[in-house]
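First the structure, in the form of structure tokens, and then the observations on it.
Scope of the values below: all heavy atoms of this structure, side chains included, with no hydrogens, waters or symmetry mates. The chain is numbered in sequence order, starting from 1.
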Amino acid sequence: MAELTFEFPDGNKKEFNRGITVEEIAKSISVSLAKKSVAGKVDGNLVDVMQPLDEGGKIEIITSGSEEGLQVLRQGAAQLLEAVVKKEFPEIRIGEISADEDGFYVDTDKEDRQVSADELDNLAAKMKKVIKNDASVKRVYLTKEDALKEVDGDPYQAKLINQINSDNVLFYGIDGILTLAQGVVAPSLKDLKHFKLLSVAGAYWEGKSSNPMLQRIYGTAFYKEAELKADLQQRQEAKERDHRVIGNNLDLFFVDPKVGAGLPYWMPNGATIRRTIERYITDKEIAHGYQHVYTPVLANLDLYKQSGHWDHYREDMFPPMKMDDDEMLELRPMNCPSHIQIYKHHIRSYRELPLRIAELGMMHRYEKSGALSGLQRVREMTLNDGHTFVSLDQIQDEFKKILNLMMEVYKDFDIDNYTFQLSYRDPKNTEKYFDDDEMWNKAQSMLKGAMDDLGLDYVEAEGEAAFYGPKLDVQTKTALGNEETLSTIQLDFMLPERFDLHYVGEDGKEHRPVMIHRGIVSTMERFTAYLIEMYKGAFPTWLAPKQVQIIPVSDDKHGDYAKAINEKLRAVNIRSNVDERSEKMGYLIRDAQTHKIPYTIVVGDDEVKNNTISVRKYGEDNSRDLSMDDFLMEILKDISTYSRNDEKDSSKVDKVK
């Protein structure tokens, strides 16, 4: 008599005996499906095709052509890598192994020395030999006691086993080596032909900086060779765009852990880019009616207790500092309480609203050391922050104005790959989110209504809101393929209530304003990292740290002429420089191209004689002979249009209405 009932994606139901496997269920549908199946999914949980099932439910057959099928393939690669590593280094200890949309990894630990990148080719060759000789994967169940004996001497594996809520512990037998099952693997590795071991890097055990540092071996795998080649090409492109690599090559910034992890130093070139962005966004915001301010980077801890940051954000804040008068000062994690103090400093009238306050405000966040990365994740950052205080009937109009400002800025920076996400609270998470259903429902419906009225497409994401209110996040893909929030608009009814904010209305009575938080270009650190990767270090002329490099053929004969050109360019605020190094001409020109300087000017006998210059634009093979006046006209237009493309008119911006 059938004991288990399974419901298939099309709604059909079938009954099977207890102990049936996914492979047998697939075979009952068709032999071809059974051949393509690599795993199953029962009630949303992955199970391998050979696992006897003792409960029914909703079932899916996972085939090699699906995303889950790719994950199963990569998990097999991880288990195989673990087996090969254990055979190659018998005393090695194994931490976590995993497979995901980016590939797979195996965490290892050796007492004498860690596995090096030079050993990856040898390990890959041994993996391929196993696949060729015997690709089978055996399923071996051990009692927890026997499992602990199997991994005797490996504290990481022992801890993983002790976390298993069963006395039956599954191991995979591969090439005579038992590996603790940490994911679902197909019964054969025959499809694991197209893989690549990529790199090694340090990784803390369980992701905690207080735990030992293990050596993580990264790899990836695909069912088809063409997909692997495309992925490796994309990874190479990502490596070439990595802002940390480019930042080092162009001498933009550095981080020295001896001085302080997550605390970047801006070199002159990087500081020039940052300063240009800061001047740009400040001028742009002032033109849009914002009043720029400066507020202290320190504040009394009571300010953040009143705002709620201390309750909801404490883990990301640095410890308070006790002063000699027992005052507790805190490095600010957010600028909004400071801007609230600006608002409260005067009695406000309805005539002042919307009141727009902006600042390039320095903040500090206690980021875990393992999360720090170049300029993207730091402990000290400067946020392009702004807060608008509005009446209820001004919300949609102000919302529209902020969106238009955002799109103007994106146009100038040539950013066009972005989407909108409405981020709501998770009503079940009362610890993270301020507990006021009426406030949340009102704020979320107003934000959604504003987007609907503007006719903009968006996705909705529960659990992504700030603790004090819902927000519109502008999501973009970085050059490395990661999704990150570039800009945000947050609607806030809570903080005006907590700080008892008022304005005097037209009726002479006090009214509560609504606070709109917004950031246009994120932090200077993260935005600069984003631009470095987007432009691949080849900044448009207006942003480039060095805009013109002047190279005299002979310093003795042409040096004075080169210096005169340099003075003319600097007189109109063009960042130019004369290269006076005693190197061959070809080297100096290549060096200017390597450093991605937008314009290279070469001057020799002909240029001095004809009072001209020889101009070469970055990325072009040929030089042009121009008069100084013509070049000035060209480069000034280039700078004023925020692009090296002279035909682009950045003043034409689509606006929401």
Side-chain angles (χ1 to χ4, degrees), residues 46 70-127 130 137 140 142 144 147-164 169-175 177-185 189 192 195-221 231 235 257 261 367-373 377 482:
L46 274 177
L70 186 58
Q71 181 179 334
V72 170
L73 179 77
R74 290 171 174 170
Q75 186 66 39
Q79 301 279 172
L80 172 58
L81 174 59
E82 178 187 340
V84 167
V85 165
K86 289 172 76 171
K87 203 163 193 175
E88 187 76 0
F89 310 106
E91 300 302 316
I92 201 166
R93 296 182 287 264
I94 303 295
E96 294 176 319
I97 74 172
S98 184
D100 56 25
E101 68 278 359
D102 193 50
F104 63 88
Y105 65 79
V106 174
D107 286 347
T108 66
D109 189 23
K110 288 174 79 237
E111 285 191 357
D112 52 349
R113 61 173 181 80
Q114 299 287 21
V115 177
S116 72
D118 295 336
E119 295 171 293
L120 296 186
D121 287 344
N122 178 52
L123 293 174
K126 292 183 180 300
M127 290 172 67
V130 173
V137 177
V140 179
L142 299 178
K144 187 167 285 189
L148 290 171
K149 290 179 182 178
E150 174 66 28
V151 301
D152 184 39
D154 189 330
Y156 311 115
Q157 294 277 283
K159 186 169 184 179
L160 291 172
I161 290 170
N162 282 322
Q163 291 173 346
I164 297 173
V169 180
L170 176 63
F171 283 77
Y172 290 122
I174 301 174
D175 194 34
I177 300 293
L178 290 184
T179 66
L180 177 65
Q182 294 191 49
V184 173
V185 174
L189 301 175
L192 188 58
F195 72 90
K196 177 73 174 177
L197 298 185
L198 299 168
S199 61
V200 296
Y204 289 113
W205 167 238
E206 296 180 325
K208 298 177 181 178
S209 59
S210 58
N211 285 344
M213 174 77 77
L214 308 186
Q215 188 79 330
R216 179 165 290 180
I217 306 174
Y218 288 97
T220 192
D231 180 75
R235 289 176 187 274
E367 295 278 5
K368 296 291 193 290
S369 57
L372 299 173
S373 177
R377 294 292 293 271
N482 301 318

Review point. Taking it one step at a time, do L192 and L73 satisfy side chain to side chain contact (heavy atoms under 4.5 Å, CB included)?
Key: CA-CA 7 Å; L192 188 58; L73 179 77; 4.1 Å; yes

Do the side chains of [Y] and [X] get nearer than 4.5 Å, heavy atoms only?
X	Y	value
K87	D175	yes
L180	L160	yes
E150	Q157	no
F171	L142	yes
L81	F104	yes
K196	D231	no
V115	I92	yes
Q75	V72	no

**Study point:** Nearest heavy atoms of Y156 and P212, plus distance in Å
**Key:** OH-CB, 3.9 Å

Exercise for review: Taking all non-hydrogen atoms of both residues into account, name the closest pair between F195 and A221 and its distance.
Suggested key: CB-CB, 3.7 Å

Main-chain N/O of [Y] paired with [X] side-chain donor or acceptor, under 3.5 Å:
X	Y	answer
D100	G103	yes
D107	G95	no
Q215	Q114	no

Exercise for review: Carefully, step by step, assess R113 and E119 under the rule salt bridge (charged side-chain N to carboxylate O under 4.0 Å, His left out).
Suggested key: CA-CA 12 Å; R113 61 173 181 80; E119 295 171 293; 3.0 Å; yes

Calculate, to the nearest 0.5 Å, the distance between atoms [atom1] and [atom2] belonging to [X] and [Y] respectively.
X	Y	atom1	atom2	result
K86	I174	NZ	CD1	10.0 Å
I217	L123	CD1	CG	6.0 Å
Y204	L214	OH	CG	11.0 Å
E101	Q71	CD	CD	8.5 Å

Review point. Would M127 and L189 count as a side chain to side chain contact (heavy atoms under 4.5 Å, CB included) if you check the C-alpha gap in whole Å, the side-chain angles of each, and the deciding distance to 0.1 Å?
Key: CA-CA 10 Å; M127 290 172 67; L189 301 175; over 6 Å; no

**Study point:** Any donor-acceptor N or O pair under 3.5 Å, side chains Q79, T179
**Key:** yes

Point to revise | Q163 atom CD, over 12 foreign heavy atoms within 6.0 Å | key: yes

Check your understanding: So with a 6.0 Å cut-off around CD of E91, is the heavy-atom count from everything else above 12?
Key -> no

Practice item. In plain terms, say whether D102 and R74 are close enough for a salt bridge, that is, a side-chain N and a carboxylate O under 4.0 Å apart. Key: no

Point to revise | salt_bridge(D154, R93) N-O dist < 4.0 Å | key: no

**Study point:** From CA spacing to verdict: side chain to side chain contact (heavy atoms under 4.5 Å, CB included), E82, Y172
**Key:** CA-CA 11 Å; E82 178 187 340; Y172 290 122; over 6 Å; no

